[in-house]
Each structure stands twice: as C-alpha cells, then as structure tokens.
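The structure appears below as structure tokens.
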Amino acid sequence: MAVLDQSGTIIAVNQAWRDFGQANSASGIRHIGMNYLDICDRAVGVEAACAQAASVGIRSVLAGQSDFSLEYPCHSPAEKRWFQLRASRLEHEGHTYAVVAHHDITNRILVEQERQGLLAKAHRYQEQLRALAAVTTRMAATDAPEDIFHEISDQARLIIGAHWAAIHTLPYALWPSEPVIVSVSDKYRNYPASSLGQSSAAIYSHVGQLGHSLRLTGAELKSYPELQDAWLTEAVSPGLPSVLAVPVIGPQGGTLGVLMLLDKQDGDFTADDEAILTQLAQIASVSVENAVQTRAERESRERLWATHEHAGVGIAETNAAGKLLTVNRGLSAITGYSRGELLGLNIFDLIHPDDSGAERDLYERQVAGELKTYSLEKRSIRKDGSSVWLNVSSTAVFNEQGKFQYSVRVIQDIDERKRFEQRQTLLVRELHHRVRNTLAVVQALASATARTATNMRDFNRSFSSRVAALAKTQTLLTEDYWQTAPLREMLQCELQPFWGSRHERFRLEGPEVNLSADLAIPLSMAFHELTANAAQYGALSVRKGCVAVTWELVVEHGRRELHLAWVEKNGPPVGKPAHSGFGSFLMERVLPAQCNAKAHLSFDPAGLRCEIHIPLVTHRLVPEY
C-alpha cells in the first residue's frame, strides 16, 4: 500500500510495497517522495495502457471520486501474475489523499482461466457428443455403405477440426466402388480428386497392418520417412502435417478399413481426438455391418415377394377363420377377383357348394393342430360365376406353444387337366360306343349286300365299296378326335372321283355344318349309295350328267334341322326300280331308326331326287373346348 498526496507524490508505503519493489529489481530506490502519477504517465510498452488507465483513475479519486479499481497483468520473466489496483479517497485535517493498494490476484485469475478452459472444453465435448449422436442416428437410417463412409469422413473432419479426412475401405461385397473416400476443407478443395485419393496410402497400409491407432505430430512424422507422401508434403509446405488414423474393426473382428485425419486446424491431434475418432470408426463399423445385413434382408424379401407375386400359382395366407390375409397376383388371375376384393373374402366364399364340406372338415382339423398339411382337388366359383377346378395345398404355421398362427395355401389351376380327364373318359366311352355301332353297321352291310348280290363277285365288290365309304367317314371323325365330320367333306369324299374339267359333274351349295358321329356314319352310307347308284344308273353314268346337292339349316318345332336335297340332271331317263336295294333300305329304315330322319326318294324321269330332313344333335357326347 502507498499513500499519495494531492499531487500524486508518495508520502508513505508499507513493508509489502518495499518487498514487491525489491523482488522486481527496484532495490535501492526510495519510494517516498516519488510521484506515482508521473511514473504511470511515462510507462511504455505493453503495460503503458494499464498504467495510464491507473493514472486517470487515481486523479479522479484525488479530484473527489470515492474509489477506483483496475485489474492488470504484471508478468515477470519467471511467472505470469495479475494484480488488482484499488484507489480510495482519504480526508485528513483538511487535506485530501489517495490510498493506493495493489492486491495479488494471480491465483484467482488462474483458477478462473482454468474454469473457463474447462467450461470451453466441456462445451466442446458436449457439441462433439451431440454431433456423434446425430451421426449415429443418420447412420442407422441408411443402408448404403458408401453413404455411411461419406458421412463418417465428413463428420470426423468437422467434429475434430481437421483440414483432411479420409476413409480407406478394404474390398467387400456391396461396398463403394472407390476404395478411398476423402473429405477436405477449403484449404485442399482445389487439388485434383485423383491426387487426394492416392495420397497417404502408406499410412493406410501401416495402420491396417498394425491393427491399432496411429497419432503423430508433424515433427514425429519426420522420423518415419516410409509414411511420408511427397505430394502431401509439398501441398502443406513448409512442414509435415500431424496425423491421426484408427482402424475400422468389424463387429466380428477383422479390419474393414482405416479412418484417418491430417492437418489439424489448431495444433496437434490429442488423446481426446483419438478417442472421438475411435468412436466414429466404431459407429462406421456397426452401421456398415447393419447396412449390409439390412440390404441383404431387403433384397431377400424383395426376391421372395417377386417370386410370390409372379409365381404361376395362387399363393395366400389365411387366419383361423379362413379369412384371406395376403394374396398374390396369381390367385387374382385364377379367381377373377382383384387383390382388394379377395382380402375381404373367406376361403369358403370361393368354394363350390358341392365341395365345401370336405374343405371345412380338413381346415378345422388343421386349425386344431391335427393336420400340419393337407391337399385336395376342389371346384371354386370365379367372380363371373363360372367354376374352375383347383388343387389346394394348405400348410399350417404354429407358434412355439403349438397354437395355430396362419395357413399358407398354394392354389393351382387344374381346370384344363380335369377337363382333359373328363374328355378322355368321354372319349373312351365314345370309342366303345363307336366300335359297337361300327360293328353293327358292318354286320348290317354284310347282311344287306348278301341279300341283293347275285354272286360272290358282286357281293365282294359291293361290300368292299361300302366298307371303304364307312372308313372314309371314320377317318374324318378320327381327325376331329371322333367328335364331328364336316358335311361338305363327306360329300366331296364320295363325289370327288367324278370331277371333270370340261363339264360340271357335281355342285355343292350350303353352309358349313359339322355332324356328330351318330349322324355322320349313317348319312355317309346314304351318300355312298346315292353316288354308287348315280354312277351306275343315273347322272354320273354319262359324260354330261350332273349331281347338285344343296342344304340349309332350319328350325322346325323349336329344334335345328338339316334339310338336304340330292338332285340329278342330264342323265338317262329314270324309272322306278322293280325291287328295292340297299340304298332304299338305308333311306327308309336305317336313317329314320338311327337319326330320327325323314328321307324321300323321287324317281323323276328327268333325274333322281332325294330329300333328307334330319334333326341335329343339340348336346354332344364329347364336350366342346
């Protein structure tokens, strides 16, 4: 402490003042009598501003202000110190004085600086933790390893504060096409990307082989020439940058890559920086592993769904009540219902009423746990009301306690196969029926021919020609799976041998008509007899003779009938025969008996005329497809 008079001269000091002066190379100087204000005004250098501020403050106290305070540094070559100057007004016996006290506040300032440093460090840690949490959240939301590595390199550079960050990945499925991903500040922004990616490869390799982190200052890096990169050294001239690199270790062990920082913005990398970079490497490792697994699971689900959706069969899941929970496109195609419509239905809504009992019994047993799987063929009702045959395979899924969860149903459209089986059955029946009828026809041909033949030669000729005509019709029926024979082709088979280029020997006019086997065989025999009679006695026996066959389809008494007329022209005069032959027998006996037909022969002198009215079969023995 010192006491100053009105002029600023020191008139008294205490021992602490003398000790301070002696400790600061002021020994031998008499403090009393010196003008303190002049000393402050003459101060130069870094302390001049504080000294002049002290001079102004002390003068204000001498002028009437009660007190004045000022904190200032007063560093010695050995240590840093801070003091607080306090000037107080003193009135004594009518005179004004200033009491000036200098308090050493170094400890308080150091504590405050330490506290501020800790607060700044804590704030920085808080910001870094917040950034790490944000990075972790973003990493969990992506399944692209390349995006994860880009994010990690960017955030490592920003959080720790470096000019350069890079992550080097080892070859791995679904990883980035470029093995090195670099993130740089504006300091390196203009450098070629190819140079950025290729630099510091020695550090990557070194850390990857060691399997632990590497932290070096620029000076320390000079001791490892094998780790130095000539291009990088030139880019950050004049000195080498500090380096921090940590390996990226996979959750199952093994090095996945290296995360590296270069050229810190403020000083060298610290142990705290290394801890944060290690955390980022761990986040990258877990995130990439999860991303790879998530992508693989998603692609597996997508493949399964694509297989499910594009399968050539119907696939559905049902609950215990039989309600459809999921359906694929195949089931929609089979049933004719849209996906939305099917999800509002029960499996029993689609079953044909005649088949619902068997399905209900099997499904109830499956829900009860008695059947793991079952398969059956049943009819289903489509949306348009038509029925379709289905093969249904139902497999139950139970939980660990054995309780029914849902059923997986695979539905295959077997309608074509079932109809084919029905068709085969009907064809076999038709074949048996046809064989019996054919044998009966052959037997009748033999009997009738024997009655009209005069000798064995005549019998052989007539019988052979009639069997050949029967064979032609059977051929037409066989080519159409024994279902129908075209009327026009039946007539052409008989009349084609009489085709003439100069003269029209026959003419066929009428619509296309297909005759069932029950009608085609007797009618073909009638055409054969008419043709044979015309060739021997009628119009076809002379060069200019002609046969005209016309037909039409009419409706008589609510049923369709074929009306056919056989008319011969330009032939020999016709007279009624003395006795009836096989042809007359066919017309008068066979056609009415087998076909419910009406046949009439007219022996007009101008030419034979035959009219046949035959009802058509409305329900075929073999169904149409």
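Computation of the quantities below employed the complete heavy-atom set of this structure, encompassing side-chain atoms and omitting hydrogens, waters and symmetry-equivalent molecules.
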(Q) Does L390 form a side chain to side chain contact (heavy atoms under 4.5 Å, CB included) with I334? I'd like the steps, not just the answer. (A) CA-CA 9 Å; L390 304 177; I334 292 173; 3.4 Å; yes
- Message: I'd like to know if the side chain of N328 reaches the main chain of I315, judged simply by a donor and an acceptor atom lying under 3.5 Å from each other, with no hydrogens or angles considered.
- Response: yes
Side-chain touch L553/L562, heavy atoms, less than 4.5 angstrom: yes
In this structure, CD1 of I381 is separated from NE2 of H352 (nearest 0.5 Å) by 4.5 Å
Interatomic distance, OG@S524 vs CD@E494, rounded to 0.5 Å, equals 7.0 Å
For this session: Please determine, by modelled atom types, if E561 and H613 share a side-chain donor-acceptor pair under 3.5 angstrom.
Result: no
TODO: Evaluate the side chain to side chain contact (heavy atoms under 4.5 Å, CB included) criterion for residues L523 and I612: first the C-alpha distance (whole Å), next the side-chain angles of each, then the deciding distance (0.1 Å), finally the verdict.
DONE: CA-CA 9 Å; L523 200 56; I612 302 174; 4.1 Å; yes
Query raised in the report: Looking only at atom types and distance, does a side-chain atom of K372 sit under 3.5 Å from a main-chain N or O of A396, one as donor and one as acceptor?
Result: yes
Quiz item: Is the backbone of V313 close enough, under 3.5 Å, to the side chain of Q412 for a donor and an acceptor to pair up by distance?
Solution: no
Would you say the side chain of S584 lies within less than 4.5 Å of the side chain of L601, judging by non-hydrogen atoms? yes
Minimal heavy-atom distance between A281 and V248, with the atoms involved, is O-CG1, 3.7 Å
| query | Below 4.5 Å, heavy atoms only, C-beta onward: do T531 and L540 meet side chain to side chain? | reply | yes
Can a donor-acceptor pair be found between the side chains of Y374 and E359 at a distance below 3.5 Å? yes
I'd like to check L608 versus N533 (side-chain heavy atoms, cut-off strictly below 4.5 Å). Are they in contact? yes
So V549 and L564, do their side chains get closer than 4.5 Å, heavy atoms only?
yes
Decide if atom CZ of R589 counts as having more than 12 heavy atoms of other residues, nucleotides or ligands within a radius under 6.0 Å. no
### Query
Is there a donor-acceptor pair closer than 3.5 Å between any side-chain N or O of D349 and the backbone N or O of K323?
no
Q.
Between E512 and R488 (salt bridge meaning N to carboxylate O under 4.0 Å), is one present in this structure?
A. yes
ask   = Between I249 and L256, is a side chain to side chain contact (heavy atoms under 4.5 Å, CB included) present by the stated rule, with each step listed?
value = CA-CA 6 Å; I249 307 299; L256 305 181; over 6 Å; no
Please set out all donor-acceptor pairs under 3.5 angstrom arising from side-chain atoms of residues 398-408, sequence neighbours excluded.
residue: N399; atom: OD1; partner: Q401; partner atom: N; Å: 3.0
residue: N399; atom: OD1; partner: G402; partner atom: N; Å: 3.0
residue: N399; atom: OD1; partner: K403; partner atom: N; Å: 2.7
residue: N399; atom: ND2; partner: Q405; partner atom: OE1; Å: 3.4
residue: S407; atom: OG; partner: Q366; partner atom: OE1; Å: 3.4
residue: S407; atom: OG; partner: S394; partner atom: OG; Å: 2.7

Within the side chain of S287, is there an N or O that forms a donor-acceptor pair under 3.5 Å with the backbone of I283? yes
ask   = Does R505 offer a backbone N or O that forms a donor-acceptor pair with the side chain of K544 under 3.5 Å?
value = no
Tightest non-hydrogen contact, residues A526 and M587, listed as CB-CE, 3.7 Å
Between I152 and A284 the two heavy atoms that sit nearest each other are CG1-CB, 3.7 Å
dist I351:CD1 -> I347:CD1 (nearest 0.5 Å) comes out at 5.5 Å
Query raised in the report: Do L371 and L362 have side-chain heavy atoms sitting under 4.5 Å apart?
Result: yes
Exercise. Cationic tip of R360 within the cone over F348's six-membered ring, i.e. under 6.0 Å and within 45° of the normal?
Worked result: yes
How about E341: does its CD atom have over 12 heavy atoms from other parts shown lying under 6.0 Å from it?
yes
Check your understanding: Under the salt bridge (charged side-chain N to carboxylate O under 4.0 Å, His left out) criterion, do R409 and E317 qualify, and how do the steps go?
Key -> CA-CA 6 Å; R409 298 170 66 83; E317 294 178 0; over 6 Å; no
Of all heavy-atom pairs linking L325 and L343, the shortest is O-CD2, 3.3 Å
Backbone N or O of Y337 within a donor-acceptor pair of the S332 side chain at under 3.5 Å? yes
query: Do R379 side-chain atoms and P353 backbone N/O form a donor-acceptor pair below 3.5 Å?
result: no
If we count only N and O atoms by modelled type, under 3.5 Å, do the side chains of S386 and D384 hold a donor and an acceptor together?
yes
With salt bridge (charged side-chain N to carboxylate O under 4.0 Å, His left out) as the test, would you mind laying out the steps for E377 and K418 before giving the verdict? CA-CA 10 Å; E377 295 181 355; K418 293 294 290 186; 3.5 Å; yes
Check: Can you tell me if R339 uses its side chain to pair, donor with acceptor, with the backbone of V327 under 3.5 Å?
Finding: yes
(Q) Counting C-beta onward and ignoring hydrogens, is there a side-chain heavy-atom pair between K569 and V567 closer than 4.5 Å? (A) yes
### Side-chain heavy atoms of F527 within contact of M490, under 4.5 Å
yes
Nearest heavy-atom contact between I181 and S153 is CG2-OG, 3.9 Å
| Worked verdict on I614 versus N596 for side chain to side chain contact (heavy atoms under 4.5 Å, CB included) | CA-CA 7 Å; I614 183 170; N596 198 24; over 6 Å; no
Look at the side chain of W566 and the backbone N and O of E611, then say whether any donor-acceptor pair between them is shorter than 3.5 Å. no
